[in-house]
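Below, chains carry the letters A, B, ... as their sequence lines are ordered, and counting in each starts from 1.
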Amino acid sequence: MSLYGGVELPDRPDPENVRRLDLLPIPMVRKIMRYGWRIDPDHFRELSSRLTARMAELRSDITNEIPPEALDRFLEVTDGAEDDDEIAELPDQGFNVESSARIASLLYDTLGLHRTAGVKVKKTKGGDRFSTGKKTLEQLKLQHPVVSLILSYREHSKLESTYARALPRIARFHPKGKDCPECGRFHSTDEYRVHTQILTTRTATGRTASKKPNLGNIPVRSQLGAEIRAGFIASEGHKIVDRDWSQIELRLLAHLSRDPVLLEVYRNDGDVHETTAFGLFGSIESSSNPVARRICAKTCNFSIVYGTTEIGLYEQLCDSFSRVKVPYPDWLTEAGCKAKIDGWFDFYTGAKAYLDAEESKIRRYGIAWTQCGRVRRIPEVKSYHSHIQSAGVRQGNNHGIQGGSADLMRLALGELGDRFDLLREYGIETFPLMTIYDQILTEVPEDDAETVNAATEEIMDNVMVDRSTGMNLCRVPIRSDGKIMSHWVKE
DNA sequence: TTAGAACGCGCG
DNA sequence: AAAGCGCGCGTTCTAA
């Protein structure tokens, strides 16, 4: 029985429910940590040497881009980093590109890019010097060719040190045969697996956190990053079932806010990003740049809800556009972003009303809670500094959505654990690989992949259906996308 | 020598 | 005064 629109929500936290939520996923979490996830060490070793080689090239390209007299001037300057130890910069290798302080010295002291740039260059958090972060460098790209080279070097270096080099070292050996001493299962070949640690009571919002390795930040967005993911593989004769919720946080917002536009989109299985684009730009036929139009809408949907300002949205949009190599549209200014934010709230009036109502509750109680009753204290709203208060309100509103989706994930993991136990009685063995915020990955014998995919879908999509009464407690449908693969990338 | 802050950056 | 939230990790660099 569906009660879309007919359900009144409890307005107070339910501590019993939260305790249950914290315990529910534990059997699944323990399995994830015990079984681990197979990786291909040779893939990473090969990738690592490719990255290292490219880094050396980029290092010399960077030095070559600097005029000789400027380079001499730059290399003479010694800052605290340069003792007479190993860290000292070797003349034949150029300088230490890893050091943000050295990069700042190069870009600003030696080349003076902060003066030639049209925009105001940001300072670091401590305010000691000009920033060399990605967003700043993106803005300086056109000033000097060395900037893009530095960005490229950073990308390579990040992937090499954090993933390509680290993962094979962390992996444990699982010998072939039955009763593997590491995980107890049967392996038809020797394999290497990484065993992440999952922390279930650490984050402020109720999300789980993963470490050693952190499987929540394995690259995917860039071309190079996808090559890291390709090294995560399934056991011999097995497949990976990868299912992720579709826009779970926006659906939760639709549910909580009862925004009429959002409700309508999701109930009709519509395209929410296209709908936002329509609200911000008008019909697609009148658009000169449909690609930019959609990127903008998508970015707005994921940023504005959490209280981004025009400056933040501007930076975010620049990042989105450069990522997909779409030229910046002419309206992309801070003022233009202000207009988009206003337009977004004018279009989604119900969401606006919900966020405002939440804000007043958060300010009054100094507490934010999810629908399931997960509490987060927000003492900041009682601060005498208005910017601290605003940050607190943003955290609180974020908690309702991010924490709410974390609650759903815990519910789903609990249900899925029970379902997997049932499948085992029918001879289907499942090995949970990971849960990443809105995603559940499972390793399963090839022939059972479709079955497990369907079971996972059933659990995830009905996570807000009360199993004892059959009542649907969500005002919009919850949907997910599933993939069956042998590498952690599309086939 | 070691601990940890600062910076930067990967993901949802 | 800062400018969306939530994390973990690698490197540099400083302080003890």
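The one candidate from Thr275(A), Thr276(A), Asn301(A) that meets the side chain to side chain donor-acceptor pair (under 3.5 Å) condition with Tyr348(A) is Thr276(A).
Summary of the strand contacts: Lys135(A) and Ser210(A) both lie near DNA chain C, and taking for each the nucleotide with the nearest heavy atom, the more 5' one is attributed to Lys135(A). Map Tyr437(A) and Ile311(A) each onto its nearest nucleotide of DNA chain C; the residue landing nearer the 5' end is Ile311(A).
The base of dC9(B) lies close enough to the side chain of Lys158(A) for a donor and an acceptor atom to sit less than 3.5 Å apart. Side chain Arg221(A) to base dG12(B): a donor-acceptor pair is found below 3.5 Å.
Separation of the C1' atoms belonging to dA1(C) and dC9(B) is 25 Å when rounded to the nearest angstrom. One P atom belongs to dG4(C), the other to dA5(B), and the distance between them is 24 Å to the nearest Å.
Among the protein residues, Arg207(A) comes within range of the nucleic acid bases, having at least one heavy atom under 4.0 Å from a base atom. Here Gly312(A) lies in heavy-atom contact (under 4.0 Å) with sugar-phosphate atoms only. Looking at heavy-atom distances under 4.0 Å, Ser157(A) makes no contact with the nucleic acid at all. Using a 4.0 Å heavy-atom cutoff across all strands shown, Ala406(A) reaches no nucleic acid atom at all. Within 4.0 Å (heavy atoms only), Glu315(A) reaches no atom of the nucleic acid at all.
Atom CD1 in Ile388(A) sits roughly 12 Å away from atom P in dC5(C) (whole-Å rounding). At whole-Å resolution of the value, CG in Leu151(A) and C1' in dC9(B) are 12 Å apart. Rounded to whole angstrom, the span from the CD atom of Gln395(A) across to the P atom of dC5(C) amounts to 7 Å. Following rounding to the nearest Å, Arg202(A) (CZ) and dG6(C) (C1') show an atom-to-atom distance of 12 Å. In this structure, Arg229(A) atom CZ and dG10(B) atom P are separated by 13 Å, rounded to whole Å. Computed from coordinates, the Asp319(A) CG to dG8(B) C1' distance equals 13 Å when rounded to whole Å. Atom pair Leu159(A):CG and dG8(B):C1' shows a separation of 13 Å (rounding to whole Å applied). Rounded to whole Å, the distance from NZ on Lys120(A) to P on dA3(C) is 13 Å.
At distances below 3.5 Å, at least one donor-acceptor pair connects side-chain atoms of Arg229(A) with backbone N or O atoms of Pro219(A).
Arg293(A) and Glu274(A) are joined by a salt bridge, as a carboxylate oxygen and a charged side-chain nitrogen come within less than 4.0 angstrom of each other. Look at Asp407(A) and Arg410(A) and you find no salt bridge, because none of the NZ, NE, NH1 or NH2 atoms lies under 4.0 Å from a carboxylate O.
Taking the six-membered ring for Trp and thresholds of 30 and 60 degrees, Trp488(A) and Phe232(A) have ring planes more than 60 degrees apart, a perpendicular arrangement. Relative ring orientation between Phe431(A) and Tyr35(A) is described as perpendicular, the plane-to-plane angle rising above 60° on a 0-90° scale split at 30° and 60°.
Across every strand in view, dG4(C) sits unpaired, with no contact that passes the Watson-Crick or G-U test at under 3.5 angstrom.
In this model, the phosphate group of dG8(B) is approached by a side-chain N or O of Arg129(A) to a distance below 4.0 Å at OP1 or OP2.
Ranking dG6(C), dC11(B), dC13(C) by closeness to the Val220(A) side chain, first place goes to dC11(B).
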